[in-house]
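Here's the structure, in structure tokens; my notes come after.
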Amino acid sequence: MSKIQMKNAIAELDGDEMTRVLWQVIKDKLLLPFVDLKVEYYDLGLKERDDSDDAVTYKAAEAIKRLGVGVKCATITSNAARMEEYQLKQLTPSPNGIIRAELDGTVFRKPIIVNNIKGTVSCWQKPLILGRHAYGDVYKNCEIAVDGPGKAELVFTAADGTEIRKTIMEMKGPGILQGIHNTDKSIESFARCCFFYGLSEKVDVWFATKDTISKTYDGRFKEIFQQVYDKEFKAEFEKAGLEYFYTLIDDAVARVMQSPGGFLWACKNYDGDVMSDMVASASGSLAMMTSVLVSPDGVFEYEAAHGTVQRHYYRYLKGEKTSTNPVALIFAWTGALAKRGELDGTPELVEYAQKLEKATLDTIQDGIMTGDLAKIANPPAKQVLDSWQFIDAIAQRL
Ligand code: NAP
Ligand code: MG
């Protein structure tokens, strides 16, 4: 059999611990036998990041921007314990944080659905995708607690010295105060990422705020989304038969809980924090969740939603063949390869990615799965395999 050819490369970002081990198994068993893989490889293992003072992370981010598509393994974010464990020179910032900032991107999370793992919300037939704005609001706030009466004011001093001053509250006694902000630029980028994602995945986009109460602050979010949509995306959405839908956040929550899913729910920072955990928990397992970082100019980086599965790695180091679920890692690769094929006009690459996804899901739906899923499968699993056996079972089907 001749291998499927790729026109352009994707940026491959290797990672740490159990996910690094499985990354290689997935490549050896599911990718390399079928595809003449063209990648620019960057080793984002913790030691490499430390040795290069994070230069490798910035180079990888540049490669994703240049090539348009990246795929990333999970990586350790260093802390005091890791510093000792890996004999690091320094505490390095989160690589995901660096890449997100370099791409000015938004992360979208989407459950992977199989018919024998039931989510807890029975009406969600299709994946409910969540996009969270990752800048500002209460996450960059300024707070004061006051002990007694006084006047709380909101003051803005413009660069030219002119002032805007408004009274927040004449405080009659002790209380609390908070200042928050966002920027037009960040909201515009967020809106663009959401609309790009909607077009890419061919799903409607929902956005919601509380603009009836917060007429200026949330009102600005609503205005910017509408402007970006009308100016840059409306024609393409209509051509694709897609819709942009705006509503109030409480109305959105009520509708989401009765909807069949299958759309992107764009959320402000706090709403996204809360709702993404709700959606993840409702869908059963972090290993059945894809995650993609999209930049406002349409660059895509695919990854798993979970971390490096440290506890399994330590058992693996002692010689155990762990039953770590590789599905989200496999889907990171299929997402990246399908996007590459779509951008390059190589349908055979897209088709291969679809076949690999189908082989993975069919294996689970036939009752063959890893331990995490066996705990929640209904009907019960027929075979519970270790990661290597499970990947072999997928390869056989493929
Ligand atoms: P984790 O890797 O998400 O794993 C936490 C627990 O969730 C595991 O111990 C396991 O539970 C379960 N789990 C997660 N993924 C699984 C899978 N594929 N198959 C089966 N079970 C799975 O989080 P962590 O162990 O707390 O963090 C390890 C490292 O990951 C940290 O250093 C953190 O910085 C990093 N991290 C990286 C990313 C990223 O790069 N995207 C994201 C989050 C965390 P059981 O042990 O009960 O089986
Ligand atoms: Mg949270």
Side-chain angles (χ1 to χ4, degrees), residues 105-113 119 121-134 187-212 218-280 282-283 288-300 302 305 331 334-335 338-339 342-343 350 354 357:
T106 300
V107 174
F108 297 93
R109 292 204 157 167
K110 175 178 160 186
I112 300 165
I113 293 186
V121 182
S122 54
C123 61
W124 292 352
Q125 305 294 330
K126 290 189 227 156
L128 181 65
I129 309 152
L130 215 121
R132 172 183 171 187
H133 187 205
I187 302 167
E188 276 166 23
S189 290
F190 177 52
R192 274 190 200 106
C193 294
C194 291
F195 292 128
F196 263 122
Y197 183 92
L199 279 179
S200 163
E201 290 285 308
K202 299 175 187 58
V203 291
D204 292 342
V205 175
W206 289 26
F207 182 51
T209 71
K210 195 70 180 175
D211 68 291
T212 44
D218 279 20
R220 180 65 67 90
F221 275 84
K222 179 184 177 181
E223 256 167 49
I224 289 178
F225 260 72
Q226 196 63 50
Q227 279 164 9
V228 169
Y229 177 71
D230 288 343
K231 254 212 224 127
E232 301 171 33
F233 292 92
K234 191 164 190 253
E236 276 190 87
F237 263 62
E238 284 174 355
K239 210 167 77 190
L242 298 173
E243 191 185 36
Y244 166 55
F245 174 63
Y246 177 85
T247 187
L248 284 171
I249 184 68
D250 39 354
D251 181 50
V253 170
R255 284 174 188 253
V256 159
M257 295 313 289
Q258 299 197 338
S259 81
F263 54 89
L264 166 65
W265 186 11
C267 287
K268 284 179 65 197
N269 210 347
Y270 175 80
D271 300 338
D273 185 353
V274 177
M275 291 304 162
S276 59
D277 283 354
M278 184 187 77
V279 171
S283 63
M288 297 298 280
M289 178 85 65
T290 62
S291 185
V292 56
L293 176 69
V294 180
S295 83
D297 36 23
V299 165
F300 292 75
Y302 296 83
F331 273 63
T334 54
K339 178 54 73 182
E342 184 192 315
L343 295 175
V350 179
Q354 288 165 348
E357 289 186 358

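- There is no side-chain donor-acceptor pair under 3.5 Å between T209 and K268.
- F221 CZ to E188 CD: the interatomic distance, rounded to the nearest 0.5 Å, is 11.5 Å.
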Requested in this report: Check the pair S295, F196 against side chain to side chain contact (heavy atoms under 4.5 Å, CB included), reporting the backbone distance first and the verdict last.
Outcome: CA-CA 9 Å; S295 83; F196 263 122; over 6 Å; no
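- Residue pairs meeting the salt bridge (Lys or Arg N to Asp or Glu O under 4.0 Å) criterion with at least one partner in residues 198-211, sequence neighbours excluded, are K110-E201, K210-D250, D211-K222.
- The backbone N or O of G272 sits less than 3.5 Å from a side-chain atom of S276, completing a donor-acceptor pair.
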Requested in this report: Just do the side chain to side chain contact (heavy atoms under 4.5 Å, CB included) check on R132 and N269 with the steps written out, would you?
Outcome: CA-CA 6 Å; R132 172 183 171 187; N269 210 347; 2.9 Å; yes
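- Smallest separation of non-hydrogen atoms from L264 and L130: CD1-C, 4.1 Å.
- The two residues P111 and P127 make their nearest non-hydrogen contact at O-CB, 3.5 Å.
- Considering only heavy atoms from C-beta on, M275 comes within 4.5 Å of V253 through its side chain.
- Between I224 and F190, every side-chain heavy-atom pair lies at or beyond the 4.5 Å cut-off.
- With salt bridges taken as basic N to acidic carboxylate O contacts below 4.0 Å, one links E342 and K339.
- When side chains are defined from C-beta on, Y197 counts as touching I129, because their heavy atoms get closer than 4.5 Å.
- Atoms CE and CD1, from M289 and I113 in turn, are 10.0 Å apart once rounded to the nearest 0.5 Å.
- When every heavy atom of P296 is checked against every heavy atom of C193, the shortest pair comes out as N-SG, 3.4 Å.
- Summarising the geometry of G335 relative to Y302, their closest heavy-atom pair is O-CZ, 3.4 Å, with the distance given to 0.1 Å.
- Annotation: side chain to side chain donor-acceptor pair (under 3.5 Å) contacts of T247 (sequence neighbours excluded): D251.
- For K126, there are no salt bridge (charged side-chain N to carboxylate O under 4.0 Å, His left out) partners two or more places apart in sequence or in a different chain.
- Atom CZ of F207 is separated from atom CD of Q226 by 11.0 Å, given to the nearest 0.5 angstrom.
- E232 meets the side-chain contact (heavy atoms from CB on, under 4.5 Å) test with R192, V228; sequence neighbours excluded.
- For L293, the side-chain contact (heavy atoms from CB on, under 4.5 Å) test picks out I99, R100, L103, V107, E301, with sequence neighbours left out.
- Nearest heavy atoms, G198 versus V205: CA-CG2, 4.0 Å.
- Rounded to the nearest 0.5 angstrom, L248 CG and R255 CZ are separated by 10.0 Å.
- Residue pairs meeting the ring pair (Phe, Tyr, Trp, His ring centres under 6.0 Å) criterion with at least one member in residues 237-263, sequence neighbours excluded: F195-F237, F195-Y244, W206-F245, W206-F263, Y229-F237, Y229-Y244.
- When atom types are taken as modelled, the side chain of W124 and the backbone of V256 share a donor-acceptor pair closer than 3.5 angstrom.
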